[in-house]
Amino acid sequence: GVRSGADSITVEPHDFFINPQAEQPVKISYKPTTDSPLQTVVEFTVEPFGSRYVLPVRVVRERPAPKQ
């Protein structure tokens, strides 16, 4: 399963099963709120092994494209 460290970050699919050596795309969406942290983590737990992976996430504001 996948669990986000902040309510403003969602991960889809939340829980899924894959076969060994298979690939599974994961979509991470961010919706800022007034108290959203600029840094958080997304945790992945691989079962049945209990392996836990932590993916650091840093939120950077998008800069407008330069005028031409």
Side-chain angles (χ1 to χ4, degrees):
V2 180
R3 179 172 59 87
S4 67
D7 292 339
S8 58
I9 293 179
T10 56
V11 179
E12 297 172 12
H14 188 268
D15 287 307
F16 52 87
F17 294 96
I18 60 172
N19 292 321
Q21 304 300 319
E23 293 185 12
Q24 170 67 47
V26 176
K27 177 182 176 185
I28 300 175
S29 302
Y30 173 69
K31 293 182 181 177
T33 61
T34 55
D35 59 347
S36 290
L38 294 179
Q39 294 187 1
T40 188
V41 296
V42 176
E43 298 177 19
F44 297 85
T45 304
V46 179
E47 297 295 350
F49 309 108
S51 301
R52 186 173 147 225
Y53 301 92
V54 178
L55 174 66
V57 177
R58 191 176 113 205
V59 179
V60 179
R61 292 192 187 273
E62 192 173 40
R63 294 183 180 157
K67 294 182 180 180
Q68 295 182 1

Taking every heavy atom of K27 against every heavy atom of S29, the minimum-distance pair comes out as CE-OG, 3.5 Å
Flag the pair [X] / [Y] as yes when at least one side-chain heavy-atom distance between them is below 4.5 Å, and no otherwise.
{"X": "R52", "Y": "V54", "value": "yes"}
{"X": "V41", "Y": "V57", "value": "no"}
{"X": "V42", "Y": "V26", "value": "no"}
{"X": "Q24", "Y": "P13", "value": "yes"}

With the 4.5 Å side-chain cut-off for hydrophobic clustering, are F49 and I18 part of the same group?
yes
